[in-house]
Amino acid sequence: MEKNYDHLSTEDKLYASWEASGVMRANNTSKKEPFTIPLPPPNVTGHLHLGHAAMLAIEDIMIRFKKMTGHEVLWVPGTDHAAIATENVVLKHLKIQNREEMTRENFLKECRKFAGEKHDRIVHQIRKMGAHLDWSREAYTFDEARNHAVNTIFKRLYDDGLIVRGHRMINWSVGAQSVLSDDEVQWEDGETIFYEFWCGPFLIGTVRTETKCADSPVVVHPTAKYIRAQNAEGKECIVTEKYFKGHTKLKKDFKIIETVQGKKLVGMEFEAETYAGKRKFWVMADNIIDPDFGTGAMTISTAHDPHDFELAQAHGLDLIQKIDFKGRMTDIAGPCSGMLVKDARKKAGEILEEKNLLFEKRPYANRIPVCYRSGTVVEPMLSPQWFISVDKEFKDQFTGKKTTLKKLMQEAVRDKHVQIIPRQFEKVYFHWIDNLRDWCISRQIWWGHRIPVWYDEKGEIATVGETKDPKSSWTQDPDTLDTWFSSALWPFSTLGWPDENAEDYRKFYPTDVLETGHDILFFWVARMIMFGRYATGVYPFHTVYLHGLVTDEHGKKMSKSAGNGIDPLDVIEKYGADAARLSLVVGTSPGQPIPLGESKISGYRNFVNKLWNAGRFIQMQTVGTSRDLSLPEPKSLADRWIASRFTHVAKEVAKHLEKYEISLAGDKIYHFVWDEFCNWYIEESKKEKNPVFLKHIFGEILKLSHPLCPFITEKLWEELEFAPLCKGRCPKDRGVLEREFLVLQNFPTPTFKDKKAEEEFQKMQAETIRVRQAQADKQADKKEKARLEQAIFALEARLKNKGYTDKAPAHLVEQTKKELEEAKEKLKKM
RNA sequence: GGGCGCUUAGCUCAGCUGGCUAGAGCAUCUCGUUUACACCGAGGAGGUCGAGGGUUCGAGUCCCCCAGCGCCCACCA
């Protein structure tokens, strides 16, 4: 055995042997209790990042622990086709502006090719972490089986009236050329200009000057007090009293004519100049106006703002499209038509200024909605889309009762069918659901599950759901489904659903734990809960474990621009996968940020090496030892102490892992191995030898540590030839295996307890420490003595020097004398 | 604006339902070339647990309030 553990020559080989042996394959005919985790499928075109690494480490620990405690485990791997993200990357890759430049089929071919290539990369990277995944069951969110599941649930939802097509205000990503769900919109801080301009007698505030180009009502608050005033040139001005009185310029230039309530203004009509020419305006009142904000009046863009749209619906207003789906102004924008929104905004402002319509402008901090994938601006637009109605009642086929999808989601957590770790996120979950609106599921992109709806020649819906041979006159809906739609089926679509008799589905569904980053609680977890309960009648898992964001060692977000990013593959290369796993798992709390720096990783690398060297020592001790299969007896006090301590620690570790408290389990193992086993037991065992017992305990330690650091433990298991020792004592129901891997051993459940030995050994430890301290003190004394002697010598020499005593300032000489006396005094006392 | 969380040694964090003489890793200081390991061993220094108030025999742990930091949601014409 080498002096230092070499992870590079070990890990890939071991993983390959696990894979080749079939040890990671789950058996759906097993009588054992199942334990199932659906792997959150990484984006097929992505690469492994630290979030994945943390996820893989946590889930692998759960899986290995459960397997060692007698469960039939299944960890289903797979990848996600990541609709918008992939389509974006492919477009960039092909160096084309939009997909219309090629045929749909050709574009999809390119996507498939690209995804296929990238698939191999991510899947290879997942293996690097040591993940005990059943690769024979690998799935893909965009393969045929998953498409079948998608079509099936779509049809069922449609028949229940829960999927509807509606002409509603949606989030339009100009970059992705598609609608986005509410959750896919991100908000970025931005600097813009706030304009106040004249619209007839009214002052209107806006940052979106480009939309102020069409006939429109001016909305005022019905009960707020407005002031009508006039200036020297006869120009009229109507603003709230509050605004008027707070504005010195207005107060100076305008003379009040009267004060009226907002509703008295209703019905007023006038023509006014806009940046796009003269337009018709009229006044209406609505409580939507905040009388304390700005001038107390606004004009509305019925088709480009969610609130305005609502208002338009309520008041039966015309819907006027001012911006097209490419993000350019329509003809109605007059001088700005054809311009990009951003440019039109500036231009419209300039025109307002030229036409002397501008009253005031000032810098304004606002937040800009952007597409979470393409990073481009999101425009609220009006468009026909498919929605999932979350508040609509339907008859639940499993209970026969009326309910809504929202209720099913709420019940999941409220009635404790699903537990979220950490608890705080349950509140976040409820809050999200309470404010949940219908989920827009259609996307205008090509890479994704095509909406299974066919239209006849009249444009009426001909059929919905899986359609094997559509009539030639029919056309399929051109849109695809939100990528999260297929992800939401993942826990059961990977197990054979909709075939409820599929062996995997019967054995492994519902699954047990869904572990993922807290950032996709809404995108994914909530929707799995919704579809899972809706489609299968049971919730798809009983526990949701959320890990936090991996940050740099100071808790700062890792980013390219900050240059503080860490690539997990570099970490694995430099320190090994075990060290990477431990550093992502120990010293962390669920849901909390996971700070990671090199010093932490190298610390766990050191631990791994410590294990290695303990193993090396034990191998040296046990060379030529007979292979006694009987359980060795503890002999010495140290033997009994470590055995008793091991019983205690093994229990604690199991208890923690049972509760998914991985960090605490890791901490206990770390300190038991290093502080108790290595620093005390091994040292004591050198005095009173019992090599067979030493080796036995070490073997148990390897089992205990295996879920957390599978590579080093497996390697030592092999090096120390533990495997042959346990042949014949292992359960026989796992088929033919080349080797007895550690993961097939039973997790230690030792019973040996010797309280007296523990106490006695502790006394011995205390005594040893006292002696060491005394020795250290003695050494310290000796050193202090030497230091004093040297100081005395130097001080005396200085005082003997006539030049010094004669010429140096008297107080310095006094001080020297004093120092000498003190030093002599101190030395005398020693 | 609403919600959630965090604030404990120089740094990053444990401390679960109140009993702590407050722990760990890293960093730091002293000593150590003892045949598992310097990716090591032994010993040490370092904290009035963010500020203030309260409940209690007892509070890092519970309550109130304040401050700073972080995250999520809503997005005001």
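Quick note on labels: first sequence line is chain A, next is B, and so on, each numbered from 1.
Within the shown strands, nothing qualifies as a pairing partner of B/G18 under the Watson-Crick or G-U definition with both distances less than 3.5 Å. Summarising the base pairing, B/U56 is matched to no nucleotide, lacking a Watson-Crick or G-U wobble pair whose two defining distances lie under 3.5 Å.
Across the interface with RNA chain B, nearest-nucleotide mapping of A/Asp305 and A/Phe607 shows A/Phe607 to be the residue nearer the 5′ end. Mapped onto RNA chain B by nearest heavy atom, A/Gly587 and A/Phe617 fall at different nucleotides, with A/Gly587 at the one closer to the 5' end.
Of the side-chain N and O atoms in A/Tyr604, none sit less than 4.0 angstrom from OP1 or OP2 of B/C26. At the phosphate of B/A14, OP1 or OP2 sits under 4.0 Å from a side-chain N or O atom of A/Ser589. Taking side-chain N and O atoms only, A/Asn679 has a distance below 4.0 Å to OP1 or OP2 of B/A42. Note on A/Lys600: every side-chain N or O is 4.0 Å or more away from OP1 and OP2 of B/C11.
Side-chain proximity of A/His554 to B/U12, B/C75, B/A77: nearest is B/U12. When distances run from any side-chain atom of A/Arg605 to the nucleotides B/C71, B/C39, B/G5, the shortest one goes to B/C39. Of the candidate nucleotides B/C75, B/G25, B/A14, B/C75 has the atom lying nearest to any side-chain atom of A/Trp187. Here the side chain of A/Val428 is nearest to one of B/U12, B/C72, B/A36, namely B/C72. Comparing B/A77, B/A36, B/G44 by their closest approach to the side chain of A/Gln773 singles out B/G44. Counting only heavy atoms from C-beta on, A/His518 has its side chain closest to B/C71 among B/C76, B/A36, B/C71. In the set B/C71, B/C6, B/U12, B/C71 carries the atom at the smallest distance from any side-chain atom of A/Lys557. You'll find that the side chain of A/Pro595 is closest to B/U12, out of B/G2, B/C4, B/U12. Nearest nucleotide to the A/Leu664 side chain, out of B/A14, B/C13, B/A77: B/A14. The side chain of A/Lys686 lies closest to B/A36, out of B/C73, B/A36, B/C75.
Residue A/Ile289 is in base contact, counting any heavy-atom pair closer than 4.0 Å across all strands shown. Looking at heavy-atom distances under 4.0 Å, A/Lys3 makes contact with sugar-phosphate atoms alone, never a base. When heavy atoms are screened at a 4.0 angstrom cut-off, A/Tyr364 is found touching the sugar-phosphate backbone but no base atom. Backbone-only engagement by A/Arg772 is indicated by non-hydrogen atom pairs under 4.0 Å involving sugar-phosphate atoms exclusively. Residue A/Ile682 is in base contact, counting any heavy-atom pair closer than 4.0 Å across all strands shown.
To the nearest angstrom, P of B/A38 lies 7 Å from CG of A/Asn613. Between the CD atom of A/Glu683 and the P atom of B/U35 there is a distance of 11 Å, rounded to whole Å. A/Lys212 has its NZ atom 10 Å from the P atom of B/A77, to the nearest Å. In this structure, A/Ile433 places its CD1 atom 14 Å from C1' of B/C73, rounding to the nearest Å. At whole-Å resolution of the value, CZ in A/Arg437 and C1' in B/C73 are 12 Å apart. Whole-Å rounding puts the A/Met298 CE to B/C76 P distance at 10 Å. Look at CG on A/Asp292: it is 14 Å from C1' on B/G1, rounded to the nearest Å. Atom CD of A/Glu598 and atom P of B/C39 are 15 Å apart (whole Å).
Side-chain contact, A/His315 with A/Asp286: a donor N or O sits under 3.5 Å from an acceptor N or O. At a cut-off of 3.5 Å, with distance as the only test, no side-chain donor of A/Glu210 or A/His304 sits close to an acceptor on the other residue. A/Asn564 and A/Glu553 share no side-chain donor-acceptor pair at under 3.5 Å.
B/C39 and B/A24: their P atoms are spaced 23 Å apart (whole Å). For B/U17 and B/C13, the C1' atoms lie 22 Å apart once the distance is rounded to whole Å. Nucleotides B/A22 and B/U48 place their P atoms 12 Å apart, quoted to the nearest Å. Separation of the P atoms belonging to B/C11 and B/G47 is 13 Å when rounded to the nearest angstrom.
In this structure, A/Arg208 does not pair ionically with A/Asp305, as no charged nitrogen and carboxylate oxygen lie closer than 4.0 Å. A/Arg770 has a carboxylate O that lies under 4.0 Å from a charged side-chain N of A/Glu767, or vice versa, which qualifies the two as a salt bridge. Using a cutoff of 4.0 Å between basic side-chain nitrogens and carboxylate oxygens, A/Arg527 and A/Asp183 are scored as salt-bridged.
With A/Tyr670 as the aromatic partner, A/Lys610 does not meet the cation-pi criteria of under 6.0 angstrom to the ring centre and within 45 degrees of the ring axis.
For A/Phe523 and A/Tyr372, the gap between ring centers is short of 6.0 Å.
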